[in-house]
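Here the structure is laid out as structure tokens; the discussion comes afterwards.
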Amino acid sequence: VTGNGRWIELRLPWHETNVENCPVCGKLIAGRAWEFDASEGTLRVCEPDCEQLYLSYYRGAHGPLTR
Amino acid sequence: MTRTLELDTVGLHVLHNALANIAAEMALVMMKTSYSTIFNEGLDFSTVLLDRDGQLIAEKNYTPSMMGAIPHTVRWTLEEFGADFFEPGDVVVHNDPYRGNCHLPEHMMMKPIFLDGELIAFAGNMGHVAEVGGKAPGSFASDATEVYQEGLRLPPVKLIEGGRYNQHLWRVVLANHRTPRNTWGDFHAMIGSLNVGEARMLELVKRYDLDTVVRGAKAVADYSERRMRAEIAELPDGTYRAELEVEDDGVTTEPFRVKVAVVIRGDEVIVDFTGTDPQVRGPMNCTWVVAVSAAYNALFCVTDPEMLIPRNSGCYRPIRVIAPPGSVVNVRHPGPSVGGNTDLQPKLIDLLIRALSQAVPELTAAAHGGSSSNLLFGGVHPETGRYYSNYHFDGTGTGGTARKDGNDGEITRHSNCRNTPIEVFETRYPLLTLEHGLARDSGGAGRRRGGLGTYRMLRVTAPEITFSALFDRMKIAPPGLFGGHDGGTSELLVQRAGERGFRRFDEVFGVASPTKFTNVVLREGDELLYRTPGGAGFADPREREIDLVREDVLEGWISREAAKRDYGFELDV
């Protein structure tokens, strides 16, 4: 992993009904997201494990994500 | 009085059994106290205990399709609202498919468990509520194009607040379900189950002290993870791919495709659905948790079929699932998803097992029927004058494996539910069962043949009923494996009163799909004939022992003609 990741709190108003999905695994991003800096920029995923999944598998299999 | 429990092998076993038995007792409460047949006969629910962080520590998993949802859903609710959201005596309900539920009828309830004012755990359950409103009685709108047609959607909200009914919410829910009496009874069965889970959990922490239970539950989860990783490490590393085609989505007659790559690397697995078709217009889309459930299900079938590994959050950690948002395996708002859970999920399980058959052929199986074969109906019961509605499913054949023939008439493996007995069915609903049995020749031929699907003939005994269906496998049969033959396809036909001959629903009613349609009106004397798909065969049928073929013919499972055609066998009596 990059070692530079951090949790980002999502401050959505209580009446917001839309949800956000992780661009790597597709999981719901609920309440907070995991951001990390990769060579292609700052990426936002659902949790630290997904950063690891992205770096160790996803990027090689499907190419880099862009924000 | 607090007892000492050493957290050694024996102590962890004792603790695990205590936690699992709490979940089992919670399930019994739901079964014994619910109103609807889908709970008390079908057992379409699961019960769980989770730690204060939402990590699963024990489950009674009647319905495997929920195992991908429950470990995530409570945690997401915690993340979305924070632990402060929960107060003693609360019960939170939630059926939002975009926030962690399998489809709209599945309702999750969770109750925080407090000890001396401190949140220590959650009791949870998830069950298929038989009627949640929407455009079709039974809430299976098989031609829905949006979630809004599927029923009432609840984000996480408090049904019980501090031990008191949230009456405003109850009034909204009951006003939007067609059978509010059933909802009232089933919701209370779920709440009663949570109350029992809470009471037993508090007894447990008083018996052994909280720290012991918390540390022990974490140790059991770590043990499960080690066991699961050890099982996965036994599989040969590699990337195993497979594809499937589904015949239609209920709205159009176009097929759609799912692709998967199962990546085994060391002691972990990645299940990658990238390349799968975009979400479809009809309700055959899966939610993310359903795709995850299918992955867990298939991997457990291959790595731990005897269910020896304690089921908790630990055994799920080595499995990662990639399900692209906006695809048929991860529907986005406002896409419908009611049939994705029941009729795409079983095929996803088969798809993964097919992919894994390249790695461990001796541990895999040919496809099972792969359709829950859902019938939905409702109306005013002529004997009671009250509105009724029912969701009914039937068993299909399972696929042959390397070691044995498939099972006959088994409810699809994602749901594991039970059949509703005819006596219960006829007592509650105005449909008479004229015939019901195993469908001869529906099991795909093979060295180990597929199990048989079922058939049933029903007659309407009310002046009219509103009838819907969400079947599949009428056009595309369950595929055989390693030279085994495909399983039998399904059939769903109607004969109008006074007419002779059964015909397809698209011919009679002009609906788009012959197996997925909503709200046709059947009259008294109309008859239904349906046959569920059979399981597919495993390996070349010419390798089947001749004594077994003879027995199949004598028992009536296969015809003489099929025995000669598929197995090269002529019965000599």
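No experiment lies behind these values; they were computed from the predicted model shown. In what follows, chains carry the letters A, B, and so on, assigned in the order in which the sequence lines appear, proteins first and then strands, with residues in each chain numbered from 1. Every heavy atom of this structure was used, including side-chain atoms; hydrogens, water molecules and symmetry mates were not.
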Notebook entry, point to check: Side chain, backbone, both or neither: which part of A:C50 has an atom under 4.5 Å from a heavy atom of chain B?
Noted result: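 For A:C50, backbone and side chain are both near chain B.
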Next item on the list: Against chain B, label A:E20 side chain, backbone, both or neither, depending on which of its atoms sit under 4.5 Å from a heavy atom there.
Entry: neither
Next item on the list: Taking heavy atoms only and a threshold strictly under 4.5 Å, list by residue number the residues of residues 3-16 of chain A that touch chain B; give 'none' if the list is empty.
Entry: A:E16
If you draw a 6.0 Å radius around [atom1] in [X], do more than 12 non-hydrogen atoms from other residues or ligands fall strictly inside?
{"X": "A:R59", "atom1": "CZ", "answer": "yes"}
{"X": "B:R281", "atom1": "CZ", "answer": "no"}
{"X": "B:D84", "atom1": "CG", "answer": "no"}
{"X": "B:K158", "atom1": "NZ", "answer": "yes"}

Notebook entry, point to check: Can you name the nearest heavy-atom pair linking B:E79 to A:A30, along with the distance?
Noted result: OE1-O, 2.9 Å
Check: Taking all non-hydrogen atoms of both residues, which atom of B:R99 and which atom of A:T17 are closest, and how far apart?
Finding: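 Minimum heavy-atom contact is NH1-O, 4.4 Å.
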Next item on the list: Under 4.5 Å, counting heavy-atom pairs only, tell me which of A:P23, A:S56, A:A61, A:C22 racks up the most with chain B.
Entry: A:S56
Item checked: Main-chain N/O of A:D49 paired to B:R320 side chain as donor or acceptor, under 3.5 Å -> yes
Next item on the list: Determine yes or no for a side-chain-to-main-chain donor-acceptor pair under 3.5 angstrom, with B:W288 supplying the side chain and A:N21 the backbone.
Entry: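 Not confirmed, B:W288 side chain does not pair with A:N21 backbone.
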Check: A:Y58 pairs by side-chain contact (heavy atoms from CB on, under 4.5 Å) with which of B:I270, B:D272, B:I322?
Finding: B:I322
Note to self: Is B:V263 in contact with chain A via its backbone, its side chain, both, or neither, using a 4.5 Å heavy-atom distance?
What the structure shows: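 Looking at B:V263, just its side chain touches chain A.
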Notebook entry, point to check: Can you tell me how far the CG atom of A:L28 sits from the CD atom of B:E80, to the nearest 0.5 Å?
Noted result: 7.0 Å
